[in-house]
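Numbers here are sequence positions counted from 1. In what follows, every heavy atom counts, from backbone to side chain, and hydrogens, waters and symmetry copies are set aside.
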Amino acid sequence: MDSTHSCVTVHMAASLDGFIARKDGRVDWLETADEYAGGDTLDAAYIEAFLKTIDCYVMGSRTYQTALNFEAQGLGWAYGDKPTFVLTSRDLPRTRDTVEFHCGDLVQFVNGQLRPRFHSIWVVGGGVVSGACLRLGLADEIRYSILPILIGDGIAFFYQLDRDIALHLTEVKAYRSGMVELRYAVRGP
Ligand SMILES: NC(=O)c1ccc[n+]([C@@H]2O[C@H](COP(=O)([O-])OP(=O)(O)OC[C@H]3O[C@@H](n4cnc5c(N)ncnc54)[C@H](OP(=O)(O)O)[C@@H]3O)[C@@H](O)[C@H]2O)c1
């Protein structure tokens, strides 16, 4: 595959005040009870078709550990049978064949190993990894799903950004659940 046609998307859901988890890592606030009458409904067939367009996932080790906890609680594995690359320097349990661990230079990994193999690369958190992707100029687009809640404090969507990053708004969608999805292209320097 021609690596110039790959796309790295950073996607997470966040509170309106910009947090992806509470300080202790809990995401209990993701279930909200709002209803916006003018919003779209996400039906299962649409979600299934959309997920098919994603070729692989990349995540930090703490996000992986949250995903394993969800699975242990009977909530399933959110990443289907897609290759899932977990960034870690630790020796973590590998629960399925689709999971691969990686440690080290993120630029070399994304540009040198993932872009030539995959078209649609989704970075699904957490804040440390999304911050690194933006700082290192690896992200092509950001999808930011804002939930109708304020939580006051927590883990920020982007950790340790050291400069402004200009964005171009490409899509806005509001859902019946009160969630608003913002999609931005990352503008070049
Ligand atoms: N709201 C949402 O949509 C959403 C989405 C995803 C996650 N979350 C939440 O966010 C929280 C986790 O976010 P976080 O920012 O604390 O952590 P994170 O980004 O998930 O993971 C950070 C860890 O990944 C490893 N890592 C990162 N870059 C690496 C590299 N280049 N090479 C090797 N290892 C690397 C390091 O851990 P090691 O010590 O293992 O090396 C680092 O401490 C969880 O509570 C999760 O539930 C929320």
Side-chain angles (χ1 to χ4, degrees), residues 1-22 27 29-30 32 34 36 38-43 46-60 62-63 66-67 78-79 82 84-85 87 106-107 109-111 114-189:
M1 178 184 290
D2 180 351
S3 61
T4 55
H5 290 120
S6 61
C7 180
V8 174
T9 299
V10 174
H11 174 258
M12 280 192 286
S15 60
L16 179 61
D17 42 356
F19 300 112
I20 56 158
R22 296 192 195 278
V27 288
W29 50 273
L30 284 174
T32 58
D34 191 23
Y36 171 53
D40 291 346
T41 310
L42 276 170
D43 67 85
Y46 172 83
I47 295 172
E48 195 184 330
F50 181 76
L51 291 177
K52 281 194 180 143
T53 68
I54 299 172
D55 297 319
C56 74
Y57 295 99
V58 178
M59 66 180 70
R62 291 187 218 142
T63 297
T66 302
Y79 312 98
K82 297 297 168 78
T84 300
F85 300 95
L87 305 175
L106 199 54
V107 176
F109 181 56
V110 171
N111 290 342
L114 298 186
R115 283 192 189 270
R117 279 176 65 196
F118 302 104
H119 172 67
S120 176
I121 300 161
W122 273 47
V123 176
V124 288
V128 167
V129 172
S130 352
C133 284
L134 267 290
R135 261 195 328 276
L136 297 168
L138 294 172
D140 298 304
E141 67 163 12
I142 298 171
R143 286 174 178 254
Y144 196 134
S145 303
I146 301 177
L147 298 182
I149 191 164
L150 298 160
I151 63 171
D153 197 6
I155 298 173
F157 198 121
F158 297 105
Y159 178 72
Q160 283 189 341
L161 274 190
D162 51 0
R163 63 193 155 95
D164 296 349
I165 292 182
L167 305 172
H168 167 58
L169 181 65
T170 56
E171 196 174 6
V172 178
K173 275 189 188 168
Y175 293 93
R176 193 167 268 268
S177 65
M179 181 178 83
V180 176
E181 189 171 290
L182 302 173
R183 186 174 177 185
Y184 296 94
V186 177
R187 288 157 77 178

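Qualifying salt bridge (charged side-chain N to carboxylate O under 4.0 Å, His left out) partners for Lys52, counting only residues two or more places apart in sequence or in other chains: Glu48. Residues meeting the side chain to side chain contact (heavy atoms under 4.5 Å, CB included) test with Asp164, sequence neighbours left out: none. For Glu171, the side chain to side chain contact (heavy atoms under 4.5 Å, CB included) partners two or more places apart in sequence, or in a different chain, are Lys173, Arg183. Residues that satisfy the salt bridge (charged side-chain N to carboxylate O under 4.0 Å, His left out) test with Asp153, not counting sequence neighbours, are Lys23.
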Exercise for the section: Quick one: do Val186 and Asp140 satisfy side-chain contact (heavy atoms from CB on, under 4.5 Å)? Show the steps, please. Expected result: CA-CA 5 Å; Val186 177; Asp140 298 304; 5.9 Å; no
Practice task
Before giving the answer on side-chain contact (heavy atoms from CB on, under 4.5 Å), spell out for Val124 and Tyr79 the whole-Å C-alpha distance, their side-chain angles and the decisive distance to 0.1 Å.
Solution key: CA-CA 10 Å; Val124 288; Tyr79 312 98; 3.9 Å; yes
Exercise for the section: Step by step, work out the side-chain contact (heavy atoms from CB on, under 4.5 Å) result for Leu136 and Val110. Expected result: CA-CA 11 Å; Leu136 297 168; Val110 171; over 6 Å; no
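Closest heavy-atom contact between Leu138 and Arg115: O-NH2, 3.0 Å. When all heavy atoms of Arg135 and Gln160 are compared, the closest pair comes out as NH1-O, 3.0 Å. Considering all non-hydrogen atoms of both residues, Gly178 and Pro148 come closest at O-CD, 3.6 Å. Scanning all heavy atoms of the two residues, the minimum distance from Thr63 to Gly126 falls at OG1-N, 2.9 Å.
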Output a table of donor-acceptor pairs, distance under 3.5 Å, between side-chain atoms of residues 8-21 and any protein atom two or more places apart or on a different chain; print 'none' if there are none.
residue: Thr9; atom: OG1; partner: Glu141; partner atom: OE2; Å: 2.8
residue: His11; atom: NE2; partner: Ser145; partner atom: OG; Å: 3.1
residue: Ser15; atom: OG; partner: Asp17; partner atom: OD1; Å: 2.6
residue: Ser15; atom: OG; partner: Phe19; partner atom: N; Å: 3.1
residue: Ser15; atom: OG; partner: Phe19; partner atom: O; Å: 3.4
residue: Asp17; atom: OD1; partner: Ile151; partner atom: N; Å: 3.2
residue: Asp17; atom: OD2; partner: Ile151; partner atom: N; Å: 3.2
residue: Asp17; atom: OD2; partner: Gly152; partner atom: N; Å: 2.7

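Between the CD1 atom in Ile149 and the OG1 atom in Thr32 there is a gap of 7.0 Å [rounded to 0.5 Å]. Rounded to the nearest 0.5 Å, atoms CE (Met59) and CG (Leu87) are 9.5 Å apart.
The list of ring pair (Phe, Tyr, Trp, His ring centres under 6.0 Å) pairs with a residue in residues 156-175, not counting sequence neighbours, reads Tyr144-Phe157.
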